[in-house]
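Notes to accompany the following structure.
For ligands, and for the atoms within them, numbers begin at 1 and follow the listed sequence. Here, residue 1 is the first one in the sequence, and each next residue gets the next number.
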Amino acid sequence: MASTAPIGVFDSGLGGISVAHEIRRAMPHERVLYFGDSANAPYGTKTPEQVRELSFAIVEHFVKQGVKAVVIACNTATSAAVNELRDTYEIPIIGMEPALKVACDRGHGERQRVIVAATPLTLRERKFAALMDRFKADHTIHPEPCPDLVSIVESGRLDDHDLVMRTLHGYFDHYDLDSIDAVVLGCTHFVFYRGYFRELLPDSAAIIDGNEGTVRHLHVVLESLGKLAPEDAVGGVELANSDPSPRVAALARDLLQRP
Ligand code: DGL
């Protein structure tokens, strides 16, 4: 595969656009083919088998388009399918997981109190259990499933301040937020809520997402394979979606400008 080939990036819907945005910022010469599966969103309340089947169909489509790598810009699809995808395809498959390590490392050895906000499926899967096992002895970790934060983005209501704050209060008011050190945004849709989380949380609480780390990893992998796009290449993001409606296309374009 030539270094000028595109990178396939997908998500259950519009959340992964926050990752495509970060690729465009950090790797401006790369061409990104983004596929949002909004017709089938949310993934987070489906079974792992359903999410695996949907993920395979998307990656198969990317491979036919000649991508040099795939980024699963979705923690949920990563939980359900990354191992099987890597076993099946030869191109690099970059996955995502909640950035719990980043949150715990911030304490430099001191016990951290961390909320991990993600989808129900991500928090139920083995991959997250393994991640918890690495940190739960030394840190206090609260997994919090927040499925409504996905549907609010997908339905274009992200700017409805009252609705969003009501929803966040519903999920987080049972915590003593003043004692929380960090909230991990373990779903790519949630990255669009950063400002709202800032409003909800005391200044002392960090808000952490995995987008920068994922894109750094993508860079390292492509560099090691000699597959980074040349510096004179013109990069960009092409948006596609399984929901063909103009509403979703407009929403996707708007979100690409946001984070
Ligand atoms: N954006 C996805 C994630 O990072 C999943 C959202 C969903 O479809 O439930 O987990």
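Short contacts between ligand 1 and C187, defined as distances under 4.0 Å to a heavy atom of the residue, involve ligand atoms 1 (N), 2 (C), 3 (C), 4 (O), 5 (C), 6 (C), 10 (O). Ligand-side atoms of ligand 1 in range of G44: 7 (C), 8 (O), 9 (O), range being under 4.0 angstrom from any heavy atom. Near S12, the atoms of ligand 1 lying under 4.0 angstrom from a non-hydrogen atom of the residue are 5 (C), 6 (C), 7 (C), 8 (O). Of all the atoms in ligand 1, the ones that sit under 4.0 Å from a non-hydrogen atom of C74 are 2 (C), 3 (C), 4 (O), 5 (C), 10 (O). Taking every heavy atom of Y43 and a limit of under 4.0 angstrom, the matching atoms of ligand 1 come to 7 (C), 8 (O), 9 (O).
The shortest heavy-atom distance from P42 to ligand 1 is under 4.0 Å.
The shortest N or O to N or O distance between T188 and ligand 1 is below 3.5 Å. For D11, a nitrogen or oxygen atom sits less than 3.5 Å from a nitrogen or oxygen atom of ligand 1, counting backbone and side chain alike.
With S18 as reference, T188 is the one residue of V153, T188, L256 to meet the side-chain contact (heavy atoms from CB on, under 4.5 Å) rule.
With a heavy-atom cut-off of 4.0 Å, T119 touches ligand 1 through its side chain alone. Contacts between A41 and ligand 1, counted as non-hydrogen atom pairs separated by less than 4.0 Å, are absent for every part of the residue. Using a 4.0 Å cut-off between heavy atoms, V150 contacts ligand 1 through its side chain alone, with no backbone atom that close.
Contact annotation: the side chain of D138 never approaches that of C104 to less than 4.5 Å [non-hydrogen atoms, C-beta and beyond]. The side-chain heavy atoms of L168 and L149, taken from C-beta on, include a pair separated by under 4.5 Å.
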Could you walk me through whether R216 and E22 satisfy the salt bridge (charged side-chain N to carboxylate O under 4.0 Å, His left out) test, starting with their C-alpha distance in whole Å, then the side-chain angles of each, then the deciding distance to 0.1 Å, before giving a yes or no?
CA-CA 10 Å; R216 258 200 316 275; E22 176 59 20; over 6 Å; no
Test side chain to side chain contact (heavy atoms under 4.5 Å, CB included) on I7 and L222 and set out the steps.
CA-CA 10 Å; I7 300 164; L222 290 180; 3.8 Å; yes
Run the side chain to side chain contact (heavy atoms under 4.5 Å, CB included) test on Y89 and F62 for me, step by step, so that the C-alpha distance in whole Å, both residues' side-chain angles and the decisive distance to 0.1 Å come before the verdict.
CA-CA 11 Å; Y89 296 101; F62 276 149; over 6 Å; no
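Atom CG of L33 sits about 10.0 Å away from atom CG of L239, to the nearest 0.5 Å.
Given atom 10 (O) of ligand 1, the protein heavy atom at minimum distance is T76 OG1, 2.6 Å. For atom 1 (N) of ligand 1, the closest heavy atom belonging to the protein is H189 ND1, 2.8 Å.
Between R194 and D209 there is a salt bridge, since a side-chain N of the basic residue sits under 4.0 Å from a carboxylate O of the acidic one. Note on D162 versus R166: no salt bridge recorded, every NZ/NE/NH1/NH2 to OD/OE distance being 4.0 Å or above.
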